[in-house]
Amino acid sequence: METNPSHTTTSHYEHSSYYSPLPDHSSQPSPRRPLKGFAVIFASMIFLMSLVTLIIIQSPEPASLEKPEKDQPLSTKPTSFYNISTSSVVLPRGVAQGVSAKSNPSLSGHHGVSYNWTNAMFSWQRTAYHFQPQKNWMNDPDGPLYHMGWYHLFYQYNPDSAVWGNITWGHAVSRDLIHWLYLPFAMVPDQWYDINGVWTGSATILPDGKIVMLYTGDTVDAVQVQNLAYPANLSDPLLLDWVKYPDNPVLIPPIGIAIDEYRDPTTAWLGPDGKWRVTIGSKVNGAGVSLVYKTTNFTTYELLENYLHEVPGTGMWECVDFYPVAINGSTGLDTSVNGPGIKHLLKASLDDTKVDVYALGTYFVNNDTWVPDNPAEDVGLGLKYDYGRYYASKTFYDPKFERRVLWGWINETDTEYEDLAKGWASLQTIPRTVLFDNKTGTNILQWPVEEVESLRLNSTDFEGVVVKPGSVVELNIGTATQLDIFADFEIESLGLEETNEANGGCRGGAVDRSSLGPFGLLVIADETLSELTPIYFRPTNTSDGGLQTYFCADERRSSKANDVFNQVYGSQVPVLDDEKFSMRLLVDHSIVESFAQGGRTVITSRVYPTEAIYGAARLFLFNNATGVNVKATLKIWQLNSAFIHPFPLDQIDTVKPLQPF
Amino acid sequence: MRTLVFIVLVYLVFQIIFLSSSQCARLSSNDDNLIEKTCKQTPNYNLCISSLKSDPKSATADVTGLALIMVNVLNTTATRTLIHINSLIHHSPSPKIKKALLSCADMYYSGIITADVPVSIEALTKGNPKFADDSTLDAAKEATLCEEGFSGNSPLTVDNTSVNNVARVTEAIVKLLL
């Protein structure tokens, strides 16, 4: 790979035009008629030639199609038909108003029309305590940081519609990572270098407290470049205004990297030579790669010849993240920390398969390379952060509580038509702390930040509930749509279990019975179980006398509506000898975040029930094993709403900078 | 003077020929092969070939350009289907059929034409093809759901099948860009 010591400036687009100068001809004026005739012939030849040239020279650029008018934003509900003039155009039926929440009984469950969604069903889907904008589309979390007592979240946002497009940076702040307040946009696509999208980026906090934001801009020519931005006023705790560096972009795609495979710069980390490193994911010959740049000033960069790492066959790496974790540690680490007792985690979002993958390994700072602990479980070949609907995650270091905190984008799994009808799409997870798993040594643990506990209202305890094979037990806790559930399970042998049973994993779903499982919880279920979402364990005895356990979420019966995309998600989870099967669930309307064994395996699910909503949603225990009883102990909290709302900016003068810590 | 005129005219003619041939050099075999190579990686080779070749721009398009041409075909096919749905609604169908038709109109208008197609175009032209992948898959799904809504008595089978096939070919081309 070529080094490209780029001292890049804005004027780097070169157009080589090919034209041939016309030969000079005599400019003697002559009144003779032949000259006039010649002039006519000459003019026609020029005209003909230009015409022919125009026809022949085709633009090699991608064909540009008629785009919808920019000043006609997609409406959240279909209000008018296409503008083909037919005299008796029928307006498509929008969302029925005021229809009862009871589903249409005439349809036999599986096949049917696009579901007869009501406003009540759509409204119920909005979450109570997960971050989401008031309306429209959101995707990747950006530049999360902590500054003067406030946590900041930026996010990819479409101001015009509930589908992706016109990407802008939304902005919100919180004292506690849970109660968020919306702020005005931080950055909009208003420069030639980001006019086609202010895309994903990361923040670096410098030792003197300055904030550097690096983000990808899609230029007017649809080239992906990296730009620098910084707060207009560092003493503003809300960081309302941002300044784009006047000489942007600071990085353009190097030779060998495609102009549309160069995005999502990371938080920088400091090396022992006093230089900062930043990495950007890309793709070379089908291999995911992590390019490394060194800089001292964030305006000029040196591209290193080597990649930080590459993994053949994994495709484009988006949203790369790279950070240290402490072995046998109990806190997170600043991104620049290095030394003994530390591993580095390298993560990528895989464009091909839309999953977030990671691996633990060793960072060699002397040559800026990283090597996985286990090459067989390299980035993209092994572990995922989350086995459900989850993408574009990003971490930051929280100095207030010395935590490494992880954000993740949760897309919808219904259709775009439904997103437009309900007027919004996508959520962020509850932020999670990330710690090295000292017990297994091969993975990280994710856990919802402690501050989520501030939402707790009342709790209900269940001690030693025995669930027999093939049975379901209702847990009477009142409303079951906003919950924090802790559940432990023990297996009680009935002498019926099989040894050396093949473990089909999660694929068969919760109805696929084996002797030791599945067992777990049925969330967002209605009383008749016409809709339910099982979150469960499936252990099997292995031939060497051990246990292999899968942790799964089965969404296939989560809704009677057949137009939502649902499947069975999950993965193996290590359950150590002295451990019970334990899960923690955060239930919040149309999202369920499920954590097994303290966060060793995590699954985020989206559900869109039509019956199991509002007061009709229930919670059950279930045991679908054939050979064992299951004994469950649970503590279930009702959670309050986080009441996420706009920051009262008219009261801004009363916002004093908060004392740090 | 006349010889000078003659020389100039001959020169201009040669310019035209030269320009044409240099452009033709760019137009030749490579791009035909690209269309064939691309279409071989889709689930419906013949549909892919005929759709792409119906647009003259396909001759000089790269893979992104071919994907955009297919999105245009998807748009056209979906719009024709929507017109068909509209005319069927006005032919006094039974309440059950009418309900399914209205539902299909929603899916075609709000789903495919005003969401999936514009998002795909934007994603492809801005170099973030994964959103086009999601949207073309969504379009195939909308067509399938529309068809399923008639529980076997669909008057739109040809249209829905067509849209579904076009969407799947489009998605296959988009996947080549990921």
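Residue A:D221 holds its CG atom at 13.0 Å from NZ of B:K126, rounded to the nearest 0.5 Å. Taking CG of B:D106 as the start and CH2 of A:W117 as the end, the distance is 13.5 Å to the nearest 0.5 Å.
The two residues A:V163 and B:A115 come nearest to each other via the heavy atoms CG1-CB, 4.0 Å. The two residues B:K130 and A:K354 come nearest to each other via the heavy atoms O-CE, 3.8 Å. The minimum heavy-atom distance between A:T415 and B:D138, with the atom names listed, is CA-OD1, 3.4 Å. Looking at every heavy atom in both residues, B:G111 comes nearest to A:Y417 through CA-CB, 3.8 Å.
When heavy atoms are compared at a cutoff of 4.5 Å, A:E416 approaches chain B by way of both its backbone and its side chain. For B:A67, no part lies under 4.5 angstrom from a heavy atom of chain A. Looking at A:N158, there are no atoms closer than 4.5 Å to chain B (heavy atoms on both sides), in backbone or side chain. Residue contact with chain A, scored on non-hydrogen atoms closer than 4.5 Å, involves the backbone of B:L177 exclusively. For B:S135, the parts lying near chain A are the backbone and the side chain together; criterion is any non-hydrogen pair under 4.5 Å. For a residue to count as touching a neighbouring chain, one of its non-hydrogen atoms must lie under 4.5 Å from one of that chain's; by this rule A:Y391 touches chain B with the side chain only. Interface residue A:D351: backbone and side-chain heavy atoms are both found under 4.5 Å from chain B.
Within the structure, every pair that satisfies the ring-ring contact (aromatic ring centres under 6.0 Å, His included) test and touches residues 119-144 of chain B, not counting sequence neighbours, is listed here: A:W164-B:F131. For residues 166-178 of chain B, the side chain to side chain donor-acceptor pair (under 3.5 Å) pairs, not counting sequence neighbours, are B:D133-B:K175, B:N164-B:R168.
Most heavy-atom pairs under 4.5 Å with chain A, from the set B:L66, B:V117, B:L124, B:D134: that is B:D134.
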> After noting the C-alpha distance and the side-chain angles of A:N166 and B:E122, does the key distance pass the side-chain contact (heavy atoms from CB on, under 4.5 Å) rule?
Replying inline: CA-CA 9 Å; A:N166 311 313; B:E122 182 165 356; 4.0 Å; yes
> Hey, mind stepping through A:E318 and B:N128 against side-chain contact (heavy atoms from CB on, under 4.5 Å) and telling me if it holds?
Replying inline: CA-CA 10 Å; A:E318 301 189 286; B:N128 207 327; 3.8 Å; yes
